There are 2 protein chains.
Amino acid sequence: MKKILLKDIAQHAGVSTALVSYVLNGLAEEKQVNKVTAARIRKSAKQLNYRPNQIAQSLKTSKTNTIGLVVADIKYRYSTAITSVIESEAKKNNYTVIYGSSNEDLGKFEDLINIFVNRRVDGLILIPVENSQRQIKLLQKNDIPFVLIDRIFPEIATNFIALDNYKAAYDATEHLIQCGHQRIAIVNYRSSLYNLQERNRGYVNALRDNRIKLNRAYMLEIDRLNAMEEVNSSIDKILAMAEPCDAIFFTTATLALHGLSYLNEKGLKVPDDISVFSFDESEAFKLFYCPVTHSVQPYGEMGTMAVQSLVGVIESQKNVKQQITFDARMINGKSCHEK
Amino acid sequence: MKKILLKDIAQHAGVSTALVSYVLNGLAEEKQVNKVTAARIRKSAKQLNYRPNQIAQSLKTSKTNTIGLVVADIKYRYSTAITSVIESEAKKNNYTVIYGSSNEDLGKFEDLINIFVNRRVDGLILIPVENSQRQIKLLQKNDIPFVLIDRIFPEIATNFIALDNYKAAYDATEHLIQCGHQRIAIVNYRSSLYNLQERNRGYVNALRDNRIKLNRAYMLEIDRLNAMEEVNSSIDKILAMAEPCDAIFFTTATLALHGLSYLNEKGLKVPDDISVFSFDESEAFKLFYCPVTHSVQPYGEMGTMAVQSLVGVIESQKNVKQQITFDARMINGKSCHEK
DNA sequence: CTGAAAGCGCTAACAC
DNA sequence: GTGTTAGCGCTTTCAG
């Protein structure tokens with residue numbers, strides 16, 4: 001089946017390509033096209049089932065109506081949730097999303113950005129990986145519109161959509177304290193990522209403000225590449241201490257998942273033997289015998305705002321800095337024992 | 001920062017744009033470009049940090065190196081798993097994925113395909129929605145390369161990557177029978193989708209082959225839009241019968257998730273009170289007190305094959321039909337009671 | 001070995 | 001109101 005071009009329909013309607021272009025792009029009024037002619041053009045287009053070649057349009061207008069999205073790992077619940085919102089919000093704004101996952105690898109992160117830039121995406125939504133500051137600065141230097149989401153670099157002035165990780169962690173810790181716990185462990189990834197560091201800071205400060213002495217041995221650091229094993233051994237460690245922990249604050253849902261699964265395995269009961277708080281939720285909590293107390297992020301709003309913020313930058317070409325921070329919500333389950 | 005064009009680097013290297021194009025596209029040998037000139041060109045390109053405009057390339061070559069992927073719903077584990085594999089396999093083959101989710105809506109499914117076609121994707125990988133046959137036939141008529149994955153239409157001859165749903169369901173049912181069950185319920189979506197119908201057929205035939213009388217009341221149909229409630233009430237129903245069921249075969253992981261959660265709520269013990277088999281797995285099973293016996297699909301291979309098959313069609317332009325069917329694997333947990 | 005130039009399909013300035 | 005035409009940035013034929 002032969003591809004129908006603009007000039008085919010111009011011919012069919014007996015007019016020039018300019019008129020066809022005007023009419024099909026909704027400029028009929030503005031360009032004062034004769035109503036009868038316009039109708040004829042629209043009819044021809046429909047009849048011939050015309051499909052504009054968006055590649056040609058993009059080349060001409062230097063606008064692709066495409067957003068590049070790079071997530072850290074599509075396996076994370078956060079990525080899935082955010083991707084889904086971003087895609088639908090983008091569609092509403094007449095943008096298409098092209099998509100890639102860095103899998104926490106800096107090289108792959110850079111590759112994806114390059115690919116997207118070569119494809120002349122109009123802008124990028126990024127969940128950056130650790131140590132990608134250089135790449136982010138490069139984007140700024142090249143005037144490529146982008147917005148960071150979830151993970152941010154406080155030392156770089158960028159547009160971002162973030163969570164107040166400090167506050168969420170502070171509140172989580174304080175909640176455990178209010179449940180009567182003093183020996184609270186925190187299980188976090190070993191990472192320089194600001195959002196994870198902030199969770200540590202929230203924990204530390206909540207203890208301090210409640211006059212509980214910080215015990216560094218209660219702060220466990222997990223290697224991403226070996227998370228399950230390290231979570232398990234960490235739990236063993238904090239339970240075997242002279243003053244064993246009676247509560248654990250997991251700073252991500254994945255860590256909580258590993259942890260709860262291991263507690264199951266060891267036959268420890270939540271919350272009677274040990275209290276648990278999870279930063280972020282997991283679908284898996286649904287099958288745990290006890291509702292897990294956890295914080296939730298406003299995925300929907302974050303994703304929506306990311307798109308709107310980016311589209312704003314793209315379409316205004318203004319270089320306003322939009323830095324939006326959301327608060328987490330706490331969902332009270334039954335996994336924190338009232339002493 | 002001014003965009004560097006081909007002619008900028010031609011100028012910088014003191015040659016024509018043709019030579020630059022040859023060299024940067026790896027045709028230096030073939031076009032017998034002087035090695036010294038070639039080196040000079042490469043150096044200029046690097047020095048000026050040249051980024052080819054892929055839009056212009058695509059317009060000229062009518063090749064976008066883009067694959068459009070439409071999943072049914074990114075919230076399904078299947079979608080996530082497959083998306084991740086497809087993206088990375090596509091990248092290996094030098095394709096980028098543009099992505100959309102139909103959310104089981106026919107209108108949105110058609111929209112996405114149109115958008116992707118207008119963008120001149122080289123091909124499509126589709127998890128089609130119910131009743132999308134017309135749209136699929138349209139693609140064939142327009143000679144647009146595509147491959148269906150997961151869900152197929154047996155009445156349309158297309159390339160596809162599928163699972164032998166019949167066999168997997170047959171095996172699942174037979175497993176429950178071998179555990180000593182006779183009153184086995186099947187909980188499935190109410191849907192005309194072939195893959196789900198096949199699961200029913202596998203169930204029915206396994207019963208028949210094992211001389212167990214089919215009881216239609218044991219076959220529950222769930223409305224997708226109200227799944228949780230309907231699963232709950234279905235479970236109530238089959239337990240309240242004169243001859244209550246002692247085993248349930250859930251035909252998707254989501255259904256199993258709802259079911260297990262409700263069994264928890266009711267205080268029923270798996271497998272002592274009731275056996276459970278899940279078609280497909282869920283991360284959530286990790287937190288259930290008892291390892292859930294389930295089938296798993298070879299996501300990785302299916303996704304990889306989908307890309308390879310599609311790329312094969314795109315690049316050969318041959319119209320070979322590749323129909324690939326995989327078998328599910330069964331993971332033995334402890335959720336099926338040996339009577 | 002190298003360069004000039006004709007498009008790919010569309011938009012939009014400009015002329016009539 | 002409408003038509004002509006010059007590009008957008010690249011590939012590739014053809015001539016030298």
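Residue numbers start from 1 in every chain, and the chains themselves are labelled A, B, ... in the order their sequence lines are given, proteins ahead of strands. Just so it is clear, the structure is predicted and the values come from calculations on it, not from any experiment.
Following rounding to the nearest Å, A:Asn25 (CG) and C:dG9 (C1') show an atom-to-atom distance of 13 Å. The separation between B:Asn34 atom CG and C:dG3 atom C1' is 15 Å, rounded to whole Å. Rounded to an integer number of Å, the gap from CD of B:Gln32 to P of C:dT2 is 10 Å.
Scanning all heavy atoms of the two residues, the minimum distance from A:Ile9 to A:Ser44 falls at O-CB, 4.3 Å.
A donor N or O paired with an acceptor N or O is found under 3.5 Å between the base of C:dG7 and the side-chain atoms of B:Lys60.
Side-chain atoms of B:Leu6 lie closest to D:dT11 of the nucleotides C:dT11, C:dC10, D:dT11. Across C:dA6, C:dC14, C:dG3, the shortest atom-to-atom separation from the side chain of B:Ser16 is found for C:dG3. When distances run from any side-chain atom of A:Leu59 to the nucleotides C:dG9, C:dC1, D:dG1, the shortest one goes to C:dG9. Distances from the side chain of A:Gln57 to the nucleotides C:dT11, D:dC10, C:dG9 place C:dT11 closest. Here the nucleotide nearest the side chain of A:Ala56, chosen from D:dC10, D:dT13, C:dG9, is C:dG9. For A:Tyr22, the side-chain atoms get nearest to C:dA12 when compared with the rest of D:dT12, C:dC1, C:dA12. Side-chain proximity of B:Asn53 to the nucleotides C:dC10, D:dT12, D:dC10 is greatest for D:dC10. The side chain of A:Thr17 has C:dT11 as its nearest neighbour among C:dA5, C:dT11, C:dC10. Among D:dT13, D:dT2, C:dT2, the nucleotide with an atom closest to any side-chain atom of B:Leu19 is C:dT2. Between C:dA12, D:dG9, C:dG3, one nucleotide has an atom nearer to the side chain of B:Ala18 than all others, and that is C:dG3.
Both B:Leu27 and A:Val33 sit near DNA chain D, but only A:Val33 has its closest nucleotide nearer the 5' end. Mapping B:Thr37 and B:Thr61 onto DNA chain C via the closest heavy atom, the residue that lands nearer the 5' end is B:Thr37.
No donor-acceptor distance shorter than 3.5 angstrom exists from the side chain of B:Glu104 to the backbone of B:Val129, with no hydrogens or angles considered. Distance alone, capped at 3.5 Å, is enough to place a donor-acceptor pair between the A:Glu130 side chain and the A:Ser192 backbone.
Look at B:Glu87 and B:Lys92 and you find no salt bridge, because none of the NZ, NE, NH1 or NH2 atoms lies under 4.0 Å from a carboxylate O.
Applying the side chain to side chain contact (heavy atoms under 4.5 Å, CB included) test between A:Ile161 and each of A:Leu310, A:Val147, A:Val307 identifies A:Val147 as the sole match.
In this structure, A:Lys7 reaches neither bases nor backbone, as no heavy-atom distance under 4.0 Å exists between it and the strands shown.
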